[in-house]
Every structure is written in structure tokens, then in C-alpha cells.
Amino acid sequence: MTTNQQSRTQWLGRWGFILAATGSAVGLGNIWKFPYITGEFGGGAFVLVYLACILAVGVPVMMTEIALGRRGRGSPIDAIRRVVSESGRGSAWSLLGWMAMLAGFMILSFYVVVAGWSFSYLWKMLSGGLAASSVEEMAAIFGANNASPLNLGFWSTLVTVATMVIVGKGVQAGIEKSVSWMMPGMVVMLLILIGYGVFSGGFGEAVRFLFSFDAGSLSSEGMLAALGHAFFTLSLASGAILTYGSYLPSRASIARTTLAVALADTLVALMAGLAIFPVIFANGMSPGSGPGLIFMSLPLAFQAMPLGTLFGILFFVMLSMAALTSSISMVEATVSWLCDNKGISRRTASWGTGIVLWLVSTLAMLSFNVGADWTLAGKHFFDWLDYLTSRWMMPLGGLGMVLLAGFVLKNETFRDELGLSAGWHALWLFMVRYVSPLGILVIFVDALGITRVEFALHWPWLLAVLVAITLVGELASPRLRRVLGS
């Protein structure tokens, strides 16, 4: 281990990592996307499949990323390069680190625009700017909010500045200290909103919607959505978790820590549903109203309820904090790499990254107003950032991580880092070799629209494919390890 690795800053404790990693995972995806896709795909049955996908795909991949980060004690690029070198494998695998770091930066470039919506709606709720009598009027407010480059640019800039201020203060004084109050504060506000929902008149219906199981209500499209969201919600293959893992103390259990993060992430998503759906049902609105659920339907519902403005403010404070905890994680990989490789201070690295981020995010922001006609192959710059990261870079990066762990690196590397018993280690190895890659490939193939995959989303088909892949993989394992490791 190099001097740089030995002296690398670490979280003050295991809970620092858990809060930071949960903050990375708990973003707009949990509070904004999870409720509306649950509404679109049938409620409780979707939730059950989502939980299964978290265990089968999310947890093994997350354990792999944390182990790579802690073993390599560096940014995604440096950590993977060191671990691969330790196993005597080809240095080309460090390209996974470059792709993860770039993916995180590109995601953040459009994410700060979406996060800006949360901050702008908090201000509108405080100033009375969300007065409307119909969903159509709320949609007009949302459209007007995006139509002004000065308005939208101000809020996305505010998110960028807040992110860089926190990251610039360091791992312990900046990231760990901020999430140590933002995450508990977010949970407290969720509990208050759930308590409000209990007396709204729609709580019982919300509980039945989220937790009653009706297999007939779940389509193959819903199963794909559950699988995809389980992968993306944990911030996998974007550099965030691998970098956070590099700060994890050696004594901390990766398995227990990963399960704690996955559990916390899932609980927050379910709590968000219990906070949002009672208000929606109490006002006779549709739970499957899509992305407009948070920025159109919910503000209208709050407006119609007693003390709705107060609880609307609480909701958008919580949403803004969730956006911020995710944004600081997505830029940390880039800042870490600059500090480790360019010999510059964290503050300089943070603000230098922030300037570049602001320039790129401004182009993404302009996609909603003056640049609405600037398209390439029918997509705006904002859409291209989303498309390239979610459909190409993250699935390919996740697939590369599990292949690296399952077939390329020495087994001793992960035995040392994971510290699992023989039986549990064998289960983890089976998951990263066969189950997680199969799940990622399904996401990848469907997202690209190469072919329809509904035929595979039945248990007999899935089991048959998994058994076939396992047999072929085990028979070809020695040769595959030689090919991949070259």
C-alpha cells in the first residue's frame, strides 16, 4: 500500500459512510421517481419485485464497488488500477474507473437542473407562487419556471455552488458533517409528512396500494422498471459509491454496511410513498400521473388541504436536501482524482470542477428554453446526457465491475476485503458472476430497444437462462479469466 493510500482521509465512523452512501442513493430518484413508477406499475406487486431486484442485483454490485474502493484507496481510476495491478491483470480495466467518473460528472450536469426545480418550488411554496386551481394551471407554472433561462439558471447555479461549498470543506468537515444532519432531518420531515397523511383521509388507501400484492397488476414492463430502478437508485457505476468506499475504515464490515445502505434507501423510498400517496388519494388524484406527480399534482393537493402550505414547504425542503446529498456524491469522484493526481488542494479542485460543471449544466438548462431547437438526432443536450449515462455508461460500467470481480481479479482480494464466511462468499461470487450480469444485461438490452425482452420475464425462462449461463460460465471459467485478464 502506498503512502498516499495509507494517509487517505477516512470517515470518522461506519455511520458516516452509511449516511453518506444513503444520501447518495436517496435522491430525487427515491422521492420523485419511485412513487410515480410505483403508481404506474401497480403498487405492492411492483414494490415486492423491486425489493427482490435490490437483493439480486443492487447489493452484490454495491458490495463489489465498496470493496474495490477500499482495497484501492483512491478515486475510481486509481482504485481500479491498483487492484488490477495487485492481481497482475491488464491495466485496460482502469477504463472502467474513467467511465464511472465521467458518468457521475455527466449525470450531475443535468441533475443540478432537476435539483434546481426542487429549490425553485420551495421558494414558490414560501412566496405563494404555486396558487392554481387545476393540474393544467400547475403544468403552466412548471412550464413558465423552465421557460426563463435566468430563473432556471439561477436555481441550478445555486445547487452547483452549494454542492461545491460542501465538497470543498473535505470528507469529514464537509460531506460527513453535512449528511449527518441532512439525512436525519430528511427522515424526521418524512415522518411528519406521514403523520399528516394519517389524518388526510387517504392513508388506508395508500397503505393498501403500496403493500397489497396483486400479481395480475404487474406487467413485464413493470418488472423491467423495477429492475432498472433497483440498479440506478443505489448510485451504482457512477463513481460515487466506489469513491465513498475508498474512505471506509478497514475494520468496517462491507456486507453489513451495504445491507444497511440498501435497507435505508428502500425504507426512505417506501416512506416517501406513504407521505405522498395519502395526499394524492385524499384529493381523488391518480397515483400513476407520472413525473408530474411531484411538481404538479402534489402542490395542488397541498393547496386544497388544511395546513397544506406548511406541509408543502416541509416536503420541498426535504426534496431539496435529498437532491443535495446526491449531488455532492456525484462530484466527489472527480474532486478526489484531481486532489490525488494533480497535487492541488481540495478547495481548488472543488471550485475548478464547479466552474466546468456550471458551463456544462448551463447547456443542459438551455435545453428547456432558448436552446429548445438545438437538437441532434431528435435529442436536446439535456436528453443526450441522460441517454448516454443511463442507457450506456452505467449499465456497461456495472457489467464491467461484476465481470472484473467475478472472473478477472484474484479471489483472495475479495475474501480479504469482504471478510465473509466460505458459504456467504460463494453466494456473493455466484451473484456477481451470473445473477447480477444477467439482470444488468436485461436492463441494457431493453433500454437500447434492441429487442423485446418480455418473454424472458417469467420465472421458468429466467431460471433456465440462469442455469445455462452458470454451466457455460463454470466450464469456460479458466479460459474466460485468461481472456478477460489479458
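The model shown is predicted, which means the values in this text are computed figures rather than measured ones.
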Side chains of [X] and [Y] in contact at under 4.5 Å (non-hydrogen atoms):
X      : Y      : result
Leu357 : Ser109 : yes
Glu176 : Leu19  : no
Met330 : Tyr111 : yes
Leu300 : Met285 : yes

Look at the side chain of Thr325 and the backbone N and O of Gly23, then say whether any donor-acceptor pair between them is shorter than 3.5 Å.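 A pair under 3.5 Å: yes.
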Measure from the side-chain N and O atoms of Arg70 to the backbone N and O of Gly245, and report whether any donor-acceptor pair falls under 3.5 Å.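 It does not hold such a pair.
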Donor + acceptor pair across side chains of [X], [Y] (<3.5 Å):
X      : Y      : answer
Trp117 : Asn146 : yes
Tyr387 : Trp392 : yes
Trp374 : Ser367 : no
Thr163 : Ser327 : yes
Thr233 : Asn30  : yes

If the condition is salt bridge (charged side-chain N to carboxylate O under 4.0 Å, His left out), which residues does Asp78 pass it with, not counting sequence neighbours?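 For Asp78, the residues satisfying salt bridge (charged side-chain N to carboxylate O under 4.0 Å, His left out) (neighbours in sequence not counted) are Arg81.
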Residue that, paired with Ser329, satisfies side-chain hydrogen bond (donor to acceptor under 3.5 Å, both in side chains) out of Ser238, Ser24, Ser235: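 Result for side-chain hydrogen bond (donor to acceptor under 3.5 Å, both in side chains) with Ser329: Ser24.
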Using a strict 4.0 Å threshold on nitrogen-to-oxygen distance, state whether Arg346 and Glu332 make a salt bridge.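 The answer is yes: the pair qualifies as a salt bridge.
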For residues 324-343, pull every pair meeting ring-ring contact (aromatic ring centres under 6.0 Å, His included), keeping only residues two or more places apart or in separate chains.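 For residues 324-343: Trp98-Trp337.
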